[in-house]
Protein chains: 2
Amino acid sequence: MRDERFCNSNCPFTRAIGTIGNKWKPIIINVIGTRTIRFGQLDSIVPLISRKVLTEQLKELEEDGLLERLAYRELPPRVEYKLSEKGLAFLPILEYIKEWNLKYEVALIPKETDRINYVR
Amino acid sequence: MRDERFCNSNCPFTRAIGTIGNKWKPIIINVIGTRTIRFGQLDSIVPLISRKVLTEQLKELEEDGLLERLAYRELPPRVEYKLSEKGLAFLPILEYIKEWNLKYEVALIPKETDRINYVR
DNA sequence: TATTCTGGTTACCATTGGGTAACTACAAAT
DNA sequence: ATTTGTAGTTACCCAATGGTAACCAGAATA
């Protein structure tokens with residue numbers, strides 16, 4: 001999940017990639033954005049992720065200080081997630097990536113059946 | 001390597017992550033930077049990557065229009081890589097990631113033995 | 001009494017990622 | 001005649017990723 005060798009690199013960029021350089025984390029950070037969101041919501045909004053993987057990713061994001069986790073001792077349980085200052089500071093980078101993609105992406109017409117309908 | 005479901009999403013951000021959202025591609029793009037570089041150089045500079053994986057990543061980056069590949073019909077063969085306009089436009093984003101990491105990273109003192117000495 | 005609801009955890013299994021080593025072509029050097 | 005060098009490709013194999021399904025608590029609801 002997290003590449004420990006990358007995270008232990010003495011190159012700050014390599015460390016950053018070790019932390020957020022996989023396919024799920026940028027998606028999750030983008031979905032959360034500026035709101036507070038519950039586990040179940042994330043599970044249904046993030047496309048195609050399993051609960052197990054979502055749990056793992058959230059735990060790592062919290063460990064790396066991007067995410068704050070608030071567990072209420074209720075029944076049924078309620079857990080809320082929101083981005084920390086560090087996580088919020090990452091959002092503009094995701095915006096740049098969006099703009100970059102829109103500007104340079106080669107047009108592709110995916111088959112209807114292969115599409116993920118994913119709206120933040 | 002590349003997640004086809006992500007690449008076929010109708011969300012431009014998800015597609016972008018499908019394209020560059022893995023651990024090797026940002027590293028490779030960063031290593032290439034503004035220079036022209038040969039396969040063998042990349043293989044020795046990019047930390048811990050195998051030739052097989054490097055080949056795959058380079059091929060995908062070329063297919064996605066981030067990279068230009070120049071093969072000279074010589075013996076021994078010579079192949080040079082450099083970033084396309086799209087690839088070059090991605091470099092500032094990598095700079096933001098570096099800055100973000102330097103600003104917010106929690107200090108960690110990796111064991112000497114676990115370090116990768118990686119200098120661009 | 002049985003079911004539902006939430007946010008997990010766990011065991012199990014299939015798929016994939018990614019590493020190693022051998023092989024290629026052919027010219028030039030030894 | 002053999003080795004060297006480049007940029008791969010291929011076969012093989014092991015480790016890691018990630019999916020599914022079952023299970024948990026305990027209150028509220030039917």
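Numbers restart at 1 for each chain; the letters A, B, ... are given by sequence-line order, proteins then strands.
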| Out of D:dG8, D:dG19, C:dG18, which has the shortest distance to the side chain of B:V53? | C:dG18
| request: Considering only NZ, NE, NH1 and NH2 on the basic side and carboxylate oxygens on the acidic side, decide whether A:E62 and A:K59 come within less than 4.0 Å. | output: no
| query | Does A:I27 reach the side chain of B:F13, with side-chain heavy atoms less than 4.5 Å apart? | reply | yes
| Side-chain N or O of B:R38 closer than 4.0 Å to phosphate OP1/OP2 of D:dG8 | no
| Expressed in angstrom and rounded to an integer, what is the separation of A:K25 atom NZ from D:dG18 atom P? | 10 Å
| message | Over all strands shown, is A:Y72 touching base, sugar-phosphate only, or nothing at heavy-atom distances under 4.0 angstrom? | response | nothing
| request: Between B:E80 and B:K52, just flag the one whose closest nucleotide in DNA chain D comes earlier from the 5' side. | output: B:E80
| said: With a 4.5 Å cut-off on side-chain heavy atoms, are A:I28 and A:I49 touching? | reply: yes
| query | Rounding to a whole Å, what distance do you find between A:I49:CD1 and D:dT20:P? | reply | 12 Å
| Between A:K25 and A:E60, does at least one N-O distance fall below 4.0 Å, as a salt bridge requires? | yes
| Nearest-Å distance, CG (A:L58) to C1' (C:dG7)? | 11 Å
| said: The criterion is salt bridge (charged side-chain N to carboxylate O under 4.0 Å, His left out); which residues satisfy it with A:R78, sequence neighbours excluded? | reply: A:E74, A:E80
| note | Between CG of B:L48 and C1' of C:dT20 the distance, given in whole Å, is 15 Å
| task | Report, as a single string ordered 5' to 3', how protein heavy atoms within less than 4.0 Å touch nucleotides 22-30 of chain C: B base, S sugar-phosphate only, - not at all. | result | ----BS---
| query | Mapping A:V79 and B:W24 onto DNA chain C by nearest heavy atom, which one lands closer to the 5' end? | reply | A:V79
| task | Count the heavy atoms belonging to other residues, nucleotides or ligands that lie under 6.0 Å from NZ of A:K23, then report whether that count exceeds 12. | result | yes
| Parallel, tilted or perpendicular: which fits the ring planes of A:W24 and B:F6, with parallel below 30° and perpendicular above 60°? | perpendicular
| request: Check the distance between D:dT17's P and B:R5's CZ and give it to me in whole angstrom. | output: 16 Å
| request: To the nearest Å, give me how far apart CG (A:D43) and C1' (D:dT20) are. | output: 13 Å
| Expressed in angstrom and rounded to an integer, what is the separation of A:R78 atom CZ from D:dA25 atom P? | 22 Å
| request: Round to the nearest Å and state the distance from A:I37 atom CD1 to C:dG7 atom C1'. | output: 14 Å
